[in-house]
Amino acid sequence: MKSTNGYAVQTEKLEKRFGNFHAVKNLDLKVEAGEIFGFLGANGAGKTTAIRMLCGLLLPSAGKGTVAGFDIWRENEKIKRRIGYMSQKFSLYNDLTLAENIEFYGGVYGLTREQLHAKRRQLLEELGLSDQADRLTRDMPLGFKQRLALGCALLHDPQIIFLDEPTGGVDPEARRNFWDLIYRLADTGKTVFVTTHYMDEAEYCNRVSIMYQGEIIALDTPQALKREYKQASMQDVFIHLVDR
Amino acid sequence: MKSRIIPIFKKEFIHISRDFRTLMIVIAMPAAMLFLYGYAINMEIQNIDLIVLDRDKSPESAALTRKFEGSKFFTVSQYNGPESQLETFFNDRRARAILIVSSDFSKNLQRQPRSDVQVLIDASDPNAAQAIRNYTNAVFQSFNADLGSRGVFEIETAIWYNPALKSAYFFVPGLAALILMMISALLTSIAIVREKETGTMEQILVSPIRPIEIIIGKVIPYILLAFIDLLIILVIAHWVFDVPFVGNIGFLLAASLVFIFTALSLGLTISTRAETQQVAMMAALLVTLLPTIMLSGFIFPLESLPKILQLLTYAVPARYYLVAIRGIMLKGNTLMQLLPQISVLAAMSIFLIIVSAKKFKTTLES
């Protein structure tokens, strides 16, 4: 059966090259189920490439990896049923109504009619948008769109959620609300794998890895990292490590 | 497992129905183009300004002039000045043709039963010049017939399939090819590239849905649109422009479906390579619009193209479709008679779909 190793995500010497460019090298990760795992790094450090390999959007060049206990080389389909993914772009259709967006993504995951109706009601209620189901998505504020996009990525109840810079361009309050949501997800036993370049968000994670030029240069709890490098905040840890 | 094609298909329909402008273009374009080609672009030229320089002033030369005056194609005026002036008529655009009757015209006619006249034609517009030449020849023939003179042999031309040589017969098949190509290739490639641009394609691809399901779901609405356009063209062609319909309508629709598939697979191939909607649009226009108009036999006969371009036309899908639709509509061709054309189109579709399906996965992976 699945998860023989017990980890939600595990990789060993995972690599991705684009021509001569080494986007990700020697990626070794072990993420426990139920963990909020932060994946930090500057733009272009290889975070997105790594997350895309784990989500089955990109084939690795070398190395091994499992997601939800399934091999990323061979068991893509099974992985896809068990993960949710949301990118910075929020990936909603602006010319569809809120309800239509929910129905579309539910349909893509093969939800039944009854499941879809239940999920739609539940999601709109959670967002406080029950009476606005027929509004066009383009007319909604960014913070709502972001939470709706997350809701759409969770319609099929995935075990592991990959969030690629989910809070990019969102105001601080909406960011805090969003992190409340992430905590609630983790409380229900889901694994959250999140990339960010906001260092204050790193403090909210159970463990963080810091990526630099395609490699992980540090991996531990935020507290341990701050202790180890004798810095006051994750921001300082990051600057300290990158400037070395 | 519930089919995941349906949600894609439904969503695509919502996109189309909410994009009012595109929808109007899709519905109005075939009608507008038909009326434009049918009425505005007339291949016949009338009221050609003809200047007659009659040096003979005999009853015979007057009869010849009257012949021209009697034709609906010419507006005749007389001129009696020096020949060195003639070119200024072309330069001032006062004449498109000049007829010079020499002073020995009637004398020669009586002596030899033949006499020459000279016609100068302004060929700065070669197509018009060709037409003017044909019209003048027709007038001369009629003049000869009146004189009772007969040539050594006579050519009697029987024109089949389009006896009145109506231009509608020629542009309706061409327009059908053009519009089906544009809808199927252009709109589908834009529809797919748009999702790559906004990032929604990625969101769909992390789901268990298969690329082929995405493609099928996305192209079905455009197949329907293309078919609606085809029907609009055929209805207007038949009932407004009186284009006959000799062949089997079911066979025509089936052959058109094969062509639509070829165009769709071309659109898919473009969409797997283009990163932005603008690039997709430029590429689609370049590989669909121009070849379909210039290299398909729609406007210019293939035989009149330079050798190298003739070779190129073998890669233009519309070339084969035009033979098929003309053959079916005007001649009543059957499947057996059009097997080569339809096979080529089918082979092209299969080839392009295989290429783009492979590329579809890998480009989304970069």
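Bear in mind the structure is a predicted one, so any value in this text is a computation, not a measurement. First the proteins, then the strands, lettered A, B, ... as listed; each starts at 1.
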Residues of residues 10-34 of chain B with any heavy atom under 4.5 Å of a heavy atom in chain A: B:K11, B:I14, B:H15, B:R18

A:K190 with A:D157: basic N within carboxylate O range, under 4.0 Å: yes

Top of A:E100, A:H156, A:M86, A:E103 for chain B proximity - count of heavy-atom pairs under 4.5 angstrom: A:E100

Test item: side-chain donor near acceptor, A:Y85 and B:S207, under 3.5 Å: no

Exceeds 12 heavy-atom contacts within 6.0 angstrom, atom CG of B:L311: yes

Test item: side-chain donor near acceptor, A:S61 and A:E15, under 3.5 Å: no

Contacting region of B:T198 [heavy-atom separation from chain A under 4.5 Å]: backbone

Donor-acceptor under 3.5 Å (A:K78 side chain, A:G69 main chain): no

Heavy-atom pairs under 4.5 Å with chain B, option from A:V108, A:L96, A:L136 with the top count: A:V108

Portion of A:I79 that has a non-hydrogen atom of chain B nearer than 4.5 angstrom: neither

Atom group of A:T97 that falls short of 4.5 Å from chain B, counting heavy atoms: both

Modelled atom types, side-chain donor and acceptor of A:T137 and A:N94, under 3.5 Å: no

Distance flag, aromatic centroids of A:F162 and A:F193, threshold under 6.0 Å: yes

B:E202 bridged to A:K89 by N-O distance under 4.0 Å: no

